[in-house]
Participant: 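First the structure, which I've put down as structure tokens, then a few questions once you've had a look.
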Protein chains: 2
Amino acid sequence: MSTSKALPQPDREEIRVEAVLQALGEPVRLQIVRALADVPEGIACGEIELPVTASTRAHHLRTLREAGVLSTHTEGTRRISKLRREDLEELYPGLLSGVLAARR
Amino acid sequence: MSTSKALPQPDREEIRVEAVLQALGEPVRLQIVRALADVPEGIACGEIELPVTASTRAHHLRTLREAGVLSTHTEGTRRISKLRREDLEELYPGLLSGVLAARR
DNA sequence: GCACTTGTTCGATGATGATCGTACTACGAT
DNA sequence: ATCGTAGTACGATCATCATCGAACAAGTGC
């Protein structure tokens, strides 16, 4: 049960551009964001293939969450993350799509 | 005379998103970009009011230039910088406008 | 020539941050 | 209750980088 609790994140009006840009500027985190962009319904952190250990992964997810880039909620033992597309689009229209347009 | 020489910068296809985002993620550099956005014809570095010394300013301008965010050419003793709007828009459509849309 | 302006380069320093291993928590299943 | 799974938290280490001062470079003008 319980089975669904959201983790603390900034409200839309608390999101700062510098934090978002800095969060997106790290290669591993950008990789995470790209993976999330393909799955609107969200995805468990561990299912993203990354060249780092679990603890580093957790660190990056926290950074992205605290910057306001993604939201995370608990489902049982897994943590589902999804992009905060609407909030970002509202605050910085075009930013996310521009970033995702980058060649892979 | 001479009076006009361009400084080395990456070609459009050499620009990497991570570098651009990382460059934009620093507060002072973002301030520079915002200042440049208001002046399409370019502006001398020293004329932007910044809370750092001249050497730090030079460092940030170099970072932005090497990331591909701006171009610089020499005019006499001054160095005029301007945003590489077209290149950025072509590579990451919407990114720059999204960043500049952020509340000031 | 010399002085002045504009800006860069170099080296040092201090802060931030990416990474890891280990220990820990929470949940699910047996 | 015990085990296994998914993930976080902490502390340490190492690299990156923002910042500065001092020295240097290139133009302009007297």
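A note on names: the letters A, B, ... follow the listed sequences, proteins ahead of strands, and every chain is numbered from 1. Please read all numbers here as calculations on a predicted model, not as lab measurements. Side-chain atoms are counted along with the backbone in the values below, which use heavy atoms only and exclude waters and symmetry mates.
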Participant: Rounded to whole angstroms, how far apart are CD on E75(B) and C1' on dT8(C)?
Facilitator: 18 Å
Participant: Rounded to whole Å, please give me the gap between CD in E66(A) and C1' in dA9(D).
Facilitator: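 Taking atom C1' of dA9(D) as the reference, CD of E66(A) is at 13 Å.
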Participant: What is the separation between atom CD1 on I32(B) and atom P on dG7(C), rounded to the nearest whole Å?
Facilitator: 12 Å
Participant: Is any N or O donor-acceptor pair between the side chain of T77(B) and the base of dG7(C) shorter than 3.5 Å?
Facilitator: no
Participant: Return the value, rounded to whole Å, for the distance between atom CZ of R79(B) and atom P of dT28(D).
Facilitator: 13 Å
Participant: Measure from the side chain of T56(A), starting at C-beta and using heavy atoms only, and say which of dG21(D), dT19(D), dT19(C) lies closest.
Facilitator: dT19(C)
Participant: Side chains of L24(B) and V69(B): does their closest heavy-atom pair fall under 4.5 Å?
Facilitator: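 A side-chain contact under 4.5 Å exists here.
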Participant: Can you establish whether the number of heavy atoms outside R16(B) located under 6.0 Å from its atom CZ is more than 12?
Facilitator: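 No, CZ of R16(B) has 12 or fewer neighbouring heavy atoms, counting only those of other groups under 6.0 Å.
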Participant: R62(B) near the nucleic acid: base, sugar-phosphate alone, or nothing, with a heavy-atom cut-off under 4.0 Å?
Facilitator: sugar-phosphate
Participant: Using a heavy-atom cut-off of 4.0 Å across all strands, would you classify Q22(A) as base, sugar-phosphate, or nothing?
Facilitator: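 Here Q22(A) touches the backbone only, sparing every base.
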Participant: Could you state the CG-C1' distance from L50(A) to dC20(C), rounded to the nearest angstrom?
Facilitator: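 Distance check: L50(A) CG to dC20(C) C1' gives 15 Å.
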Participant: Salt bridge or not for E86(A) and R12(A), using N-O below 4.0 Å?
Facilitator: no
Participant: Going by heavy atoms in the side chains, are L7(A) and R79(A) under 4.5 Å from each other?
Facilitator: yes
Participant: dT5(C), OP1 or OP2 - any side-chain N/O from R78(B) closer than 4.0 Å?
Facilitator: no
Participant: Please tell me if the side chains of L95(B) and L88(B) come closer than 4.5 Å, counting only heavy atoms from C-beta onward.
Facilitator: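 Contact flag for L95(B)/L88(B) side chains = no.
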Participant: Taking atom P of dG17(C) as reference, at what distance in whole Å does atom CG of L61(A) sit?
Facilitator: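 That distance rounds to 17 Å.
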Participant: Rounded to whole Å, how long is the line connecting atom CD of E18(A) with atom C1' of dT16(C)?
Facilitator: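 Distance check: E18(A) CD to dT16(C) C1' gives 16 Å.
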Participant: NZ of K5(A) versus P of dT8(D): gap in Å, rounded?
Facilitator: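 From K5(A) NZ to dT8(D) P: 14 Å.
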Participant: Does H60(B) reach a base, just sugar-phosphate, or nothing at all? Heavy atoms under 4.0 Å.
Facilitator: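 The residue H60(B) makes sugar-phosphate contact but no base contact.
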